[in-house]
Visitor: 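One structure coming up, written as C-alpha cells, with questions to follow.
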There are 2 protein chains.
Amino acid sequence: MEKTKEKLIEAATNLGEGIGLNRAVCQIYALLYLSDHPLSPTEIGKILGMSKGNVSINLRTLEQWDAVKKIWRKGYSRALYTANENIEEIVLNKLKTGIEKRLKYIKPIISLAKENPSHSDENFSEKINQIEKLLSKIEFFLGNFETIKSLITK
Amino acid sequence: MEKTKEKLIEAATNLGEGIGLNRAVCQIYALLYLSDHPLSPTEIGKILGMSKGNVSINLRTLEQWDAVKKIWRKGYSRALYTANENIEEIVLNKLKTGIEKRLKYIKPIISLAKENPSHSDENFSEKINQIEKLLSKIEFFLGNFETIKSLITK
DNA sequence: AAAATAATTTAAAACATATTAAACAATGGA
DNA sequence: TCCATTGTTTAATATGTTTTAAATTATTTT
C-alpha cells in the first residue's frame, strides 16, 4: 500500500482508539474510506495483516453501525464492502443510540429513588432533582436531534 | 450506607462504565456527588470496599478532570474531597480537551498527505478534502465552544 | 522525636478485551 | 458432485487495564 495512505490509516486508528474503539474496527473503516473501490474481506485482511476471523467480526460491527455496507458486483457473487463516507452521520447516530439506551436505563432508577421515603435527607432529594433536571435537558436534546444533526451535517 | 443511595451509585457506575470510564472513578464520583459532606480517602475506601491505593489513584484522575476538589476543614489538616456538582460542565470540558488533543495530532498528518504528490489518485485527494472539511467544522465548533456550553449549562 | 495514622507509589494479581488459529460452513468453479 | 476458495464461529492465546497488597513516604499526635 502507498506510504501516505498507510500513515493516514494509522493516524485514524490512533484517533479511534483514543475514543474507545478497537484497533481493527478503525483500521478497516479507514481503509475502506480511503479506497476508491470496494474490497473483499480477504483483501482487507491481506492489506492490513489481520486474521480473517478478525476482519469478519469487525466488519459485522461496522455494518451494525451502518459505517460500511455490502455491495454486490456482477461477476462476483460474494460481497464486497465499501465505507459509508458520511462520518458525521455515523458518529451522530451512534451518539444518539448510545444516549437513548442509557436514558432508558437510568430513568426508572431515578423514579424509584424519588418515590422512596428518605425525605429526612434534604440533600439527597435535592441531588435527585438536579439529576432529573439534567435528564430532561438530555431528553430535550434528543427530541431535537434531527434538527441539530441537519445543522451539523449539511 | 442507605440502600437507595447504594443502588444509585451502582446505576451511575454502570452508566459510566458504558461510556468507557473505569468502575472506581464512577463509584467515587457518585458517592461524593450524593454525599452531603466531604469525605476523606479512607472513608471513601471503607464505604465502597475498595483498597486505599485504588481510591488514591482514581481521586487524582477525578481531580485532573476537575470533577472533585480537595477542601480543608479547620481541625482536619488532611484533605477531604467533594464532588463538583456541575456534571454538564465536567463532561463538556472533558469533551473539549479530548477533541483539541486529537485535532492537534491529526492536522499535521493531513497536511502532509495534501502536500504529497500522489495527485495521480483523484479519489485520494477528494477524500483528503472531505476530511479537511470535517476538521474545519470541528474547529468551528471548538471556537464557539464557550457559547455553546453556556447555552447548555445555563 | 517516636509512634500511630493516612496517603501514595509500585509490582504483582485478577480481570476484561482483542486477536488469532483452527475447525466448521457456505459458495463457486471444475 | 467434488475440490478449492472464502467466510464465520469458537476456543485459546495474547494484550491491556484495573485492582490490590505491600512497601514507601508523608503527616499528625503524643
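All heavy atoms count here, side chains included; hydrogens, waters and symmetry mates do not. Not measured: the values here are computed from a predicted model.
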Visitor: Could you give the CD1-to-P distance, from B:Ile28 to C:dA7, as a whole number of Å?
Guide: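 Checked: the CD1 to P distance equals 12 Å.
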
Visitor: Among C:dA6, D:dG7, C:dT9, which is the nearest nucleotide to the side chain of B:Thr42?
Guide: C:dA6

Visitor: Whole-Å distance between C:dT17 P and A:Asn58 CG?
Guide: 15 Å

Visitor: In this structure, how many angstroms lie between the P atom of D:dT6 and the NZ atom of A:Lys46, rounded?
Guide: 7 Å

Visitor: Between B:Glu100 and B:Lys96, does any side-chain N to carboxylate O distance fall below 4.0 Å?
Guide: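 Here B:Glu100 pairs with B:Lys96 in a salt bridge, since their nearest N and O are under 4.0 Å apart.
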
Visitor: Base, sugar-phosphate alone, or nothing: which one does A:Asn22 contact when heavy atoms must sit under 4.0 Å apart?
Guide: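 Result for A:Asn22 = sugar-phosphate.
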
Visitor: Hey, does the side chain of A:Asn84 reach the backbone of A:Asp66 with a donor-acceptor pair shorter than 3.5 angstrom?
Guide: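 Such a contact is found between A:Asn84 side chain and A:Asp66 backbone.
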
Visitor: Counting neighbours of NZ on B:Lys107 that are heavy atoms of other residues, nucleotides or ligands and sit closer than 6.0 Å, is the number greater than 12?
Guide: no

Visitor: Between B:Arg60 and C:dA7, is there a contact of a side-chain N or O with OP1 or OP2 at under 4.0 Å?
Guide: no

Visitor: Please give, in whole Å, the distance from C:dA7 P to B:Leu62 CG?
Guide: 16 Å

Visitor: What is the distance, to the nearest angstrom, from the CG atom on B:Asn54 to the P atom on C:dA12?
Guide: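 Rounding to the nearest Å, CG of B:Asn54 and P of C:dA12 are 18 Å apart.
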
Visitor: How many Å lie between OH on A:Tyr81 and C1' on D:dG7, as a whole number?
Guide: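 Taking atom C1' of D:dG7 as the reference, OH of A:Tyr81 is at 8 Å.
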
Visitor: When you measure from the side chain of B:Pro41, which nucleotide among D:dT8, C:dA7, D:dT19 comes out closest?
Guide: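 So the side chain of B:Pro41 is nearest to C:dA7.
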
Visitor: Among D:dT20, C:dT20, C:dT8, which nucleotide has an atom closest to any side-chain atom of A:Ser51?
Guide: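 Among D:dT20, C:dT20, C:dT8, the one nearest the side chain of A:Ser51 is C:dT20.
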
Visitor: Ignoring the backbone of A:Ser40, work out which of C:dT19, C:dA7, D:dG7 is nearest its side chain.
Guide: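 Between C:dT19, C:dA7, D:dG7, the one nearest the side chain of A:Ser40 would be D:dG7.
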
Visitor: Side chain of A:Ile57 only, please: which of D:dT20, D:dT9, D:dG7 is the nearest?
Guide: D:dT9

Visitor: Measure the distance from CZ on A:Arg23 to P on C:dT17 and round it to the nearest whole Å.
Guide: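 In whole Å, C:dT17 P lies 19 Å from A:Arg23 CZ.
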
Visitor: Looking only at the side chain of B:Lys52 (C-beta and beyond, no hydrogens), which of the listed nucleotides D:dT6, C:dT8, C:dT19 gets closest?
Guide: C:dT8

Visitor: Excluding sequence neighbours, so at least two apart, what forms salt bridge (Lys or Arg N to Asp or Glu O under 4.0 Å) with B:Lys7?
Guide: none

Visitor: In whole Å, I'd like the distance from the CD atom of B:Glu17 to the P atom of C:dT17.
Guide: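 Going from B:Glu17 (CD) to C:dT17 (P), I get 9 Å.
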
Visitor: Is A:Lys69 paired with A:Glu63 through a side-chain N to carboxylate O contact shorter than 4.0 Å?
Guide: no

Visitor: Using the closest heavy atom to pick a nucleotide of DNA chain C for each, name whichever of A:Arg78 or A:Gly20 lands nearer the 5' end.
Guide: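 The residue closer to the strand's 5' end, by nearest nucleotide, is A:Gly20.
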
